[in-house]
Amino acid sequence: MTRSRTLVAAVAAASLTLGVVVAAPAASAAPPQAGAAPFVTRAALAPALVAGRGADVAFLEQEAENAVTNGTVIGAGREAYTVEAEASGRKAVKLLPGQHVEFTLPEAANAITVRYSIPDAAAGGGLTATLGVTAGKQKKSLPMTSQYAYLYNQYPFSNDPGAGLLHADWWVTECACVPAATAPSPTFATPFRPMKFYDEERMLLGKTYKAGEKIRLTAPAGIPWTVIDLIDTELVGRPYVTLAASNVLAFGADPTGRRDSANAFDRAIAFAKKAGLIVYVPPGTFRVDRHIIVDDVTIRGAGHWYTKIKGSEVALDEPSADGSTHTGVGFYGKDASAGGSRDVHLSGFAIEGDVRERIDTDQVNGIGGAFHDSSFSGLHIQHTKVGMWFDGPMSDVVVEDNIIVDQIADALNFHLGVTDSVARNNFVRNSGDDGLAMWAESKGGTTPTNAGNVFDHNTVQTPTLANGIAIYGGTDITVSGNLVADTIREGSALHAGSRFGAHPFAGTLTFQDNTTARAGTRELNWNIGLGSLWIYALDGSISGIRVTGDHYLDSTYNAIMLVSEWGVKDLYSLSDVSFADVRIDGTGTSVLSARIAGGASFENVDARNVGAVGINNCGTFHFTPAGSEFSVTDLGGNDGGGTTGPWAGAWQLPNTITCDDRPPVVVPPAPSPWVQP
């Protein structure tokens, strides 16, 4: 499960010379006046801007910066290693002890989820505190912790804010150097590269409050500050009851969480398989400190608000055969080498882990292993390393209607020969690596490729590292109807990469009807702006990509980035790549930044509020008399532009040199409804 996030250690080419450009962001929407009606958003955008895209969820989101507060609105800012950059919408509210932020319920609700940040302990390891919650006339307390937040330093990161460089021979942007090759050795202020500031906590309020009633959050004493990013409010139904089932209570499971219930789960599963029943896990908190192996079984909870399966991370006496040094709560299929598990269906419960550091060899995921003809739905997964990491070969898996938050690494990954599988209508927030990924790792050609998979109508917000949705190789892959917002560092909202030893792309990779917001961030190793869509040919050439109906809103730098690595730029190229019926509303720099050989076609790509030259075409930087090595084919209907005129103006087409390595950022206005002329 190792996938190094390091790019090239030393970057010597002219195209990658250092020069930091900080993009100050546009506001996402105008806040209401104090005392006005509640201001509901989706990914900090007006819902009309993203209608029909992303996950259909049961809760309503309200951003703290739009609520009534006597605290301080922080942001907007998009540079990594800052609290505001990791906030939804790039804004939040900072409260000093005793200060508050108050939300008005848009609809009846009996449950809340609060996304917050509090300081780390001085030596690392986190703090705990209690947030005051006033709902109507009732006063409640919401526990907060930073024990699962705060990573520092270089990949795979450290929990120690005072640690020196983990890799002294890696390229470090802050000093424009490879530290081990620099004399005298550079020094760095600590904490170095702090990240992953936020966590979230949810609470059943005990009664239903009507639309228009207030929820007030008050910062505690004892810590210097509390940052509130947002609140989700929800009307949670009654718990589900299944009578004709193998109830884990009958086999000794403890719903108070005091005793470990892993063996009781095993007994309930064995009985269910023998008797032809499902396994039912009633309301309660069940402690499970190891993997539960599942095969040919259905396990159903009372609903993820009511049934919680929670475990500590446990150090192993010696590493296991797969390299793990810890175990923890998780439901695992049999290994692919044993054929994987079949006909597994898990639904209606929460998985709450205890993972606080990134150890890539550890199998401490919420769901893991290989499955065929299986489904995972209605789960809430928090504080594991990866929410769901599937190691194939495996096939015909459905992942839908889940909430995966606060992960150390990916939220979900289809890895190693996953075929004919779909992830749809899932909500992801605060992953520590790619939100949703398909990684068709080749392992030297010994494994089959991913094929026929779909990511459809998911929402991914604020991944603290890497991409919202990433596709690494594979055949006939579809990414459709998704909403991705607020990527932060070393990644984009949508990414296709020939990298990490993946099988080549084959057939067609389709991006269709996706919306991105506040993506296209700065790549901190290269020190250039990426695109909201980033296509990267590192290990080989890429062809067969179709982009139709996407909307790229408020891109920090570019809307589209097509690039190869400097060391292989004369080896690999892009071909058979097309863009059609795409809308681009706001870029800090260009519509298209091309730093690769090959070409792409554009048809009915409409853009507005473009901050720099529409096409930044550097090709492979040879600047030949014939022009750029990247060809832009205009198929018509490419309208609009920005500060330099039409984005696809005739002077830029089809193949003249228009290369500005780091154009200045012009901050666009906030996205708004698109009115056809």
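All heavy atoms count here, side chains included; hydrogens, waters and symmetry mates do not. Positions are given from 1 along the sequence.
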- Does the ring pair (Phe, Tyr, Trp, His ring centres under 6.0 Å) test come out yes or no for W526 and Y536, once each step is laid out? CA-CA 13 Å; W526 293 337; Y536 183 26; 5.3 Å; yes
- Item | Check against ring pair (Phe, Tyr, Trp, His ring centres under 6.0 Å), Y152 and F157 | CA-CA 5 Å; Y152 305 94; F157 317 115; over 10 Å; no
- Candidate pair V227 and F197, rule side chain to side chain contact (heavy atoms under 4.5 Å, CB included), full reasoning: CA-CA 10 Å; V227 169; F197 299 99; over 6 Å; no
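F414 CZ to W389 CH2: the interatomic distance, rounded to the nearest 0.5 Å, is 12.5 Å. Rounding to the nearest 0.5 angstrom, the gap separating the CG atom in L165 from the OG1 atom in T190 is 10.5 Å. To the nearest 0.5 Å, atom CZ of residue R78 and atom OG1 of residue T521 are 8.5 Å apart. Interatomic distance, CZ of F579 versus CD1 of I560, reported as 4.0 Å (0.5 Å rounding). For the atom pair CG (D120) and OG (S146), the distance works out to 5.0 Å, reported to the nearest 0.5 Å. Atoms CD and CG, from E79 and L524 in turn, are 7.0 Å apart once rounded to the nearest 0.5 Å.
Annotation: side chain of F511 is not in contact with side chain of I469 (no heavy-atom distance under 4.5 Å). A heavy-atom distance below 4.5 Å is not found between the side chains of L533 and T516. The shortest distance between side-chain heavy atoms of R662 and I528 falls below 4.5 Å. In this structure the side chain of L45 reaches within 4.5 angstrom of the side chain of L553, judged on heavy atoms. The side-chain heavy atoms of E565 and R499, taken from C-beta on, include no pair separated by under 4.5 Å. Contact of the Q652 side chain with the N617 side chain is not registered, since no non-hydrogen atoms from C-beta on lie closer than 4.5 Å. N638 is listed as a side-chain neighbour of W647, based on a closest heavy-atom distance under 4.5 Å. Annotation: side chain of S117 is in contact with side chain of Y150 (closest heavy-atom distance under 4.5 Å).
Under the 3.5 Å distance criterion, the side-chain polar atoms of D434 are matched with a main-chain donor or acceptor of N467. Looking only at distances, no side-chain donor or acceptor of D581 sits under 3.5 Å from a matching main-chain atom of T548. Formation of a donor-acceptor pair under 3.5 Å by the S158 side chain with backbone atoms of A163 is not found in this model. Remark: side-chain polar atoms of S628 are not paired, donor with acceptor, to backbone N or O of I657 under 3.5 angstrom. N527 places no side-chain N or O within donor-acceptor distance of the main-chain N or O of T173, the cut-off being under 3.5 Å. Side-chain N or O atoms of N153 include one that pairs as donor or acceptor with a backbone N or O of L166 at under 3.5 Å. With hydrogens and angles ignored, the 3.5 Å screen pairs a side-chain donor or acceptor of S492 with a backbone N or O of G531. Using a distance-only test at 3.5 Å, with no hydrogens or angles considered, a donor-acceptor pair links the side chain of T658 to the main chain of I615. Proximity of a side-chain donor or acceptor of E523 to a complementary backbone N or O of N525 within less than 3.5 Å is detected. With hydrogens and angles disregarded, no donor-acceptor distance shorter than 3.5 Å links the side chain of D550 to the backbone of V582.
Ion pairing between R518 and D554 fails under the 4.0 Å rule for side-chain N and carboxylate O. Salt-bridge check for R608 with D585: passed, with a basic side-chain N closer than 4.0 Å to an acidic carboxylate O. Here D576 pairs with R546 in a salt bridge; the nearest charged N to carboxylate O distance falls below 4.0 Å. The pair E174-R193 meets the salt-bridge criterion, since a charged nitrogen lies less than 4.0 angstrom from a carboxylate oxygen. Using a cut-off of 4.0 Å between Lys/Arg side-chain N and Asp/Glu carboxylate O, E86 and K196 are scored as not salt-bridged. Salt bridge annotation for D360-R358: present, with a cationic side-chain nitrogen under 4.0 angstrom from a carboxylate oxygen. Between R429 and D232, at least one side-chain nitrogen of the basic residue sits less than 4.0 Å from a carboxylate oxygen of the acidic one, meeting the salt-bridge criterion.
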I'd like a table of donor-acceptor pairs (distance under 3.5 Å, sequence neighbours excluded) in which one partner is a side-chain atom from residues 459-466, with atom names and distances.
{"from": "T459", "atom 1": "OG1", "to": "A55", "atom 2": "N", "distance (Å)": "2.8"}
{"from": "Q461", "atom 1": "NE2", "to": "S88", "atom 2": "OG", "distance (Å)": "3.4"}
{"from": "T462", "atom 1": "OG1", "to": "R115", "atom 2": "NH2", "distance (Å)": "3.4"}
{"from": "T462", "atom 1": "OG1", "to": "N430", "atom 2": "N", "distance (Å)": "3.4"}
{"from": "T464", "atom 1": "OG1", "to": "S431", "atom 2": "O", "distance (Å)": "3.3"}

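Under the 30°/60° scheme for interplanar angles, the aromatic rings of H383 and Y148 are found to lie parallel. H167 and W170 have parallel rings, their planes meeting at less than 30° on a 0 to 90° scale where 60° marks the start of perpendicular. Ring geometry for W439 versus F500: interplanar angle over 60°, hence perpendicular rather than tilted (30 to 60°).
Across all non-hydrogen atoms, the minimal contact from D169 to A180 is CA-CB, 3.9 Å. Between A64 and I228, the closest heavy-atom pair is CB-O, 3.2 Å. The two atoms that bring G540 and A537 nearest to each other are O-CB, 3.3 Å, heavy atoms only. For the pair V613 and S590, the tightest heavy-atom approach, listed with the atom from each and the gap, is O-OG, 2.6 Å. C618 and E629 get closest at one heavy-atom pair: O-OE1, 4.1 Å. A pairwise comparison of heavy atoms in A437 and Y472 identifies CB-CE1, 4.4 Å as the closest pair.
A donor-acceptor pair shorter than 3.5 Å can be found between the side chains of N458 and N426. Side chains of R53 and N514: no donor on one and acceptor on the other come within 3.5 Å.
Each of D229, D199, V93 was scored for a side chain to side chain contact (heavy atoms under 4.5 Å, CB included) with Y116, with one residue passing: D199.
With sequence neighbours left out, V666 forms a side chain to side chain contact (heavy atoms under 4.5 Å, CB included) with T643.
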